[in-house]
Amino acid sequence: MVAFWKKKLTFKFSLMILGLVSIVVLAVSSYLLFHEKRVLEQELQNRGLAIANSLARQAGESILREDDYALFKLIQMVTKNRGQDLTGEGIIPYAMILDNQGRSLVHTDSGFSRKVLKDDLTDQLLKAEGPQVHSLRWGEGSESVYDISVPVRMRNIKIGTVRLGVSKAGMEKEMAETAIKVLAVLFILMLAGAWAIWRFSKKLTQPIELLSESAQKVKAGDLDQRVEISRQDEIGVLAESFNQMCAALRRSRDEIERTQRHLLQTEKMASLGKLAAGVAHEINNPLGGILNCLHNLSQDGMTPEKQAEYMALMREGLKRIQNTVRNLLHFAQQHKPSLTTTDINHLVEKTLSFMQYYLSRKEIHVERELAEGVPLLIVDEHQIEQVLVNLILNAVQAMEDGGTLRIKTQWVQGSGFRVHGQVQTLYPQPYTLSPDGDFVEISVQDTGYGIPPEVFPYIFDPFFTTKGVGEGTGLGLSLSQAIIEQHRGSLTVESQVGKGSTFTVRLPVATQARTLETSSSATLF
């Protein structure tokens, strides 16, 4: 039954209509055959009764005169064509005339002549005052017949009984032939009906199947679907509504992506502003050293060795400034979303290096537990870097009087980690997720004041913040969670008031494959 409902709509619709039509046609055919049989039976009985009544009218005088020869002639007249179709519906296998005691005055079978018949049916017929019709089996071949009896009366006095058998063989043969003809016509009609129903069902359900296929593609993220159905009925209206819905979804998606990119850049600039003070000190210190070197180089009497030393110090200071500015520009710029093969440990070190000025100014001690042998991830490096920056900034802000920031990475193998929902990708080459559910875990732990229970359920809500005006946008965790989820991972948090919080990022391990398992047009913002 379950397998049936998985069939295509055309098949199910055709099968159900054909079944319904078949039931109706079979019911009508059965009724017509039954009615035809009743008509033939009644006609056969009427003809048998007519023959019996004719014999009864002619046999009265002969019975009174005990003229057996005249009676024999009557029976012989009726049965002279015995074995042939007499009535057009059957034959007369036997005929007899009985007196009131059940003695056979004359019988088509000479062995029964002048014998008294002793059986329940004969006794019932002798007592009957009117015609009787019974269905029974007769003779060695058990031929099915109608046993018909009619009383013989003279001056309203019953003086005997005419009894004869009318064979049903002719009627049954005709009924069988009729049934075969009806079944043959029914079979032809069923074949023609099946073809017509299939064509009708195909025309009716094909647009629905087309809509269903397009809906599945929309579900997978392809919003560029348009169904071309030129019909004026409800299906045509549904197709037009579907096209309008897809167009509206495309516009909404594009607007959401623009908004998300804008929010991400806003949050990035807010994070950059928090780092600006520490970065300014990092730039100012080498600038002061360079100015001091230039001042010393302007003095007379400096040895060549000392000049070379000052020049080396100036180059080192300029390189530090150059690296600092490059990191700032790299972080602040907008980047086109792109999934690339990334070493997560290297990305963590790069982020910490970029933020070391800010961390040292806040008196934050950093502990690293970066596991060896962690597999490369296929992620958008700039977006994951933004997530790490947001988590580190939140951790630092939770440790106003300094503390310890612990960053840990590990490779969890065979965890059964599964992606929920449709896998989405921007990666231009084929890839597949680890079949065993492997993932890489990055945890950011602080020793700050923790998250109060009353605000814990809302920390991932957009624009929710416990910071003062101008200290945060309330978008950091919300955008970070969205980024991780679009990378098919998860972002969770554990916290204890007074002891600190731990944010954990889990990203599934993905590798390049020869076949692309999913083709989706969804984009990471």
Side-chain angles (χ1 to χ4, degrees), residues 260 264 267-268 271 331 335 337-355 359 366-398 404-421 423-427 431 433-434 437-448 450-451 456 459-462 475-495 500-511 524-525:
Q260 288 177 331
L264 182 62
E267 178 63 21
K268 183 181 290 187
S271 301
F331 184 70
H335 300 275
S338 174
L339 296 179
T340 57
T341 303
T342 303
D343 183 343
I344 198 66
N345 286 343
H346 174 72
L347 187 60
V348 169
E349 289 286 6
K350 177 182 174 182
T351 305
L352 289 175
S353 175
F354 171 56
M355 300 184 68
L359 294 171
V366 179
E367 294 182 359
R368 299 172 175 81
E369 296 181 24
L370 307 181
E372 296 182 358
V374 174
L376 299 177
L377 297 179
I378 299 179
V379 296
D380 186 306
E381 181 177 337
H382 302 295
Q383 292 185 348
I384 300 302
E385 181 183 25
Q386 175 64 48
V387 171
L388 292 175
V389 169
N390 287 338
L391 295 180
I392 292 173
L393 285 176
N394 280 346
V396 172
Q397 290 170 354
T404 300
L405 175 69
R406 182 176 294 108
I407 297 184
K408 178 181 178 182
T409 63
Q410 63 175 331
W411 178 18
V412 183
Q413 303 180 57
S415 66
F417 182 83
R418 288 292 177 265
V419 176
H420 297 285
V423 177
Q424 300 173 343
T425 179
L426 287 177
Y427 195 56
Y431 78 98
L433 297 180
S434 167
D438 298 355
F439 66 88
V440 172
E441 185 176 274
I442 311 106
S443 59
V444 179
Q445 181 180 6
D446 63 68
T447 56
I451 303 173
F456 194 89
I459 60 173
F460 290 109
D461 291 351
L475 290 172
L477 290 179
S478 175
L479 288 173
S480 297
Q481 185 183 50
I483 290 172
I484 297 302
E485 287 181 351
Q486 291 206 24
H487 278 79
R488 309 169 309 279
S490 66
L491 173 60
T492 58
V493 59
E494 296 179 1
S495 182
S501 304
T502 302
F503 285 84
T504 303
V505 174
R506 293 182 178 89
L507 293 170
V509 175
T511 58
L524 299 172
F525 53 82

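This is a predicted model, so every value here is computed, not measured. Numbering starts at 1 and runs along the sequence shown.
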I384 versus T342: any side-chain heavy-atom pair under 4.5 Å?
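A side-chain contact under 4.5 Å is absent here.
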
Test K350 against E381 for side-chain contact (heavy atoms from CB on, under 4.5 Å), laying out the working first.
CA-CA 11 Å; K350 177 182 174 182; E381 181 177 337; 3.5 Å; yes

Could you go step by step and tell me if L370 and E349 meet the side-chain contact (heavy atoms from CB on, under 4.5 Å) rule?
CA-CA 9 Å; L370 307 181; E349 289 286 6; 3.5 Å; yes

Which heavy atom of [X] sits nearest a heavy atom of [Y], and at what distance?
X    : Y    : result
P508 : L377 : O-CD2, 4.0 Å
F439 : W411 : O-CD1, 3.6 Å
V374 : I344 : CG1-CG2, 3.8 Å
L491 : V505 : CD1-CG2, 3.6 Å
S495 : I451 : OG-N, 2.8 Å
L339 : D380 : CD2-N, 3.3 Å

Assess whether side-chain contact (heavy atoms from CB on, under 4.5 Å) is satisfied between T492 and R506, documenting all intermediate values.
CA-CA 9 Å; T492 58; R506 293 182 178 89; 3.4 Å; yes

Report, as yes or no, whether the 6.0 Å neighbourhood of atom CD on E494 holds more than 12 heavy atoms from other residues, nucleotides or ligands.
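Atom CD in E494 is not crowded, with 12 or fewer foreign heavy atoms closer than 6.0 Å.
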
E367: salt bridge (charged side-chain N to carboxylate O under 4.0 Å, His left out) partners, not counting sequence neighbours
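Listed in chain order: R406.
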
Working to the nearest 0.5 Å, report the span between [atom1] of [X] and [atom2] of [Y].
X    : Y    : atom1 : atom2 : answer
T504 : L391 : OG1   : CG    : 9.5 Å
I442 : I407 : CD1   : CD1   : 10.0 Å
L376 : H346 : CG    : NE2   : 11.5 Å

Q386 and N390 side chains, donor-acceptor separation under 3.5 Å
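Note: N390 and Q386 side chains meet the donor-acceptor criterion.
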
Distance-only, no hydrogens or angles: does the [X] side chain make a donor-acceptor pair with backbone N or O of [Y] under 3.5 Å?
X    : Y    : answer
T351 : L347 : yes
D446 : S501 : yes
T409 : N345 : no

Trace of the side-chain contact (heavy atoms from CB on, under 4.5 Å) decision for L352 with R368
CA-CA 10 Å; L352 289 175; R368 299 172 175 81; 3.4 Å; yes

